[in-house]
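One structure is given below, encoded as structure tokens.
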Amino acid sequence: MEEVDLQPGEHVIISVRQHPFVLALRLLPFFALSLVPSILFGLYSGITAVLPEVSAVSSSSSAVQFLTGAWWLFIWMGGFLTFTRYYLTVWNITNFRIVYIQQHGLFSREVSSFLLLRVQDVTTEIHGIVATLIGYGKLHVDTAGHKEEFAMHGIAHPQLVRDIIMDQVAVLQHANEPDKAGI
Amino acid sequence: MEPVLDPRFEQQFPPLFELPLIDGEVFMISAAPLLLLAVFSVWVVFTLACGYHWLKYSHRSWVAVPALGTHVFVSGTLMLYMLAGLR
């Protein structure tokens with residue numbers, strides 16, 4: 001991880017993103033918008049069929065082709081930006097800590113990091129039939145002395161991620177026990 | 001006295017938007033180069049910004065290069081489609 005230097009002996013156990021279904025839901029409006037030119041042209045063709053006095057526009061008209069291409073290009077760019085945000089937003093769970101990287105937009109990025117030893121509670125929430133069947137939900141991590149909420153919505157397989165976090169927390173606590181006994 | 005416009009000037013600098021827009025050919029000849037330049041400028045800035053983010057923050061993921069390649073290919077195809085309207 002170039003943004004966060006790993007400590008000696010630290011390695012990434014798993015990188016977690018939102019479920020691809022969440023991405024598909026976010027891309028749905030772009031798909032719908034891409035159909036707008038076809039719908040408008042269909043409506044216009046219908047009107048010209050009923051009212052012949054209205055001037056007809058050919059779909060091969062240069063203006064229509066140019067503007068339709070521009071419309072689709074901007075929709076593609078919006079969709080690609082959505083995919084970029086989706087892919088670059090990630091939880092990296094290492095054997096020492098969790099690094100939460102949020103890509104809000106272009107040139108808008110937030111990186112949070114907290115030690116696994118500070119984790120007090122890990123909660124998963126799965127609501128709804130679709131989320132249950134497909135397997136995505138919310139993962140919420142409470143940390144000691146940290147008021148900020150660490151939560152990711154629409155995460156894929158949240159129970160699996162919760163188990164990985166809790167297993168690693170148990171390993172770290174077990175490793176720290178001899179030190180406590182020594183005190 | 002009304003100003004007299006030199007016909008050569010009119011020929012060299014045609015009006016940007018000639019109504020009615022229904023006449024696509026007239027619209028294209030006059031406004032297309034400016035529109036194309038605007039769209040292309042936005043696309044270049046967007047692509048450079050996305051490329052920067054993918055290459056810097058994707059942590060050497062194998063997805064970065066195919067994603068950028070797909071973006072350039074699809075948007076290039078769409079721009080060619082737009083350009084075909086200028087023929």
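Proteins get letters first, then strands, A, B, ... in listed order; numbering begins at 1 in each.
Linking ILVMFWY residues whenever their side-chain heavy atoms come closer than 4.5 Å, directly or via other members, leaves A:Phe31 and A:Val22 in distinct clusters. Linking ILVMFWY side-chain heavy atoms closer than 4.5 Å, directly or via other members, places A:Met152 and A:Leu116 in a single hydrophobic cluster. Under the 4.5 Å side-chain heavy-atom criterion for Ile, Leu, Val, Met, Phe, Trp and Tyr, A:Leu81 and A:Leu25 are members of distinct hydrophobic clusters. Note on A:Ile39: it does not cluster hydrophobically with A:Phe30, by side-chain heavy-atom contacts below 4.5 Å among ILVMFWY residues. Residues B:Leu48 and B:Trp43 share a single hydrophobic cluster, defined by chaining ILVMFWY side chains whose heavy atoms lie under 4.5 Å apart.
Considering only heavy atoms from C-beta on, B:Met82 stays 4.5 Å or farther from A:Trp72 through its side chain. Taking the side chain as every heavy atom from C-beta outward, B:Ser61 and A:Tyr87 approach each other to under 4.5 Å. No side-chain heavy atom of A:Leu73 sits under 4.5 Å from any side-chain heavy atom of B:Tyr81.
Between chain A and the options B:Leu80, B:Thr77, B:Val39, B:Thr47, the largest number of non-hydrogen pairs under 4.5 Å is found for B:Val39.
To the nearest 0.5 Å, atom CH2 of residue A:Trp76 and atom CG of residue B:Leu78 are 8.5 Å apart. Separating the OH atom in B:Tyr57 from the OG1 atom in A:Thr84 is a distance of 13.5 Å, to the nearest 0.5 Å.
Proximity to chain B involves both the backbone and the side chain of A:Leu106, based on heavy atoms less than 4.5 angstrom apart. The parts of B:Thr70 that come within reach of chain A are both its backbone and its side chain, each placing non-hydrogen atoms under 4.5 angstrom from that chain. A:Phe107 touches chain B through backbone and side chain together, each having a heavy atom under 4.5 Å away.
For B:Trp54 and A:Phe83, the distance between ring centers is under 6.0 angstrom.
The local environment of CG in A:Leu43 is crowded, with over 12 non-hydrogen atoms from other residues, nucleotides or ligands closer than 6.0 Å.
Aromatic ring pairs are classed by plane angle as parallel below 30°, tilted from 30° to 60° and perpendicular above 60°; the pair B:His71 and A:Phe80 is parallel.
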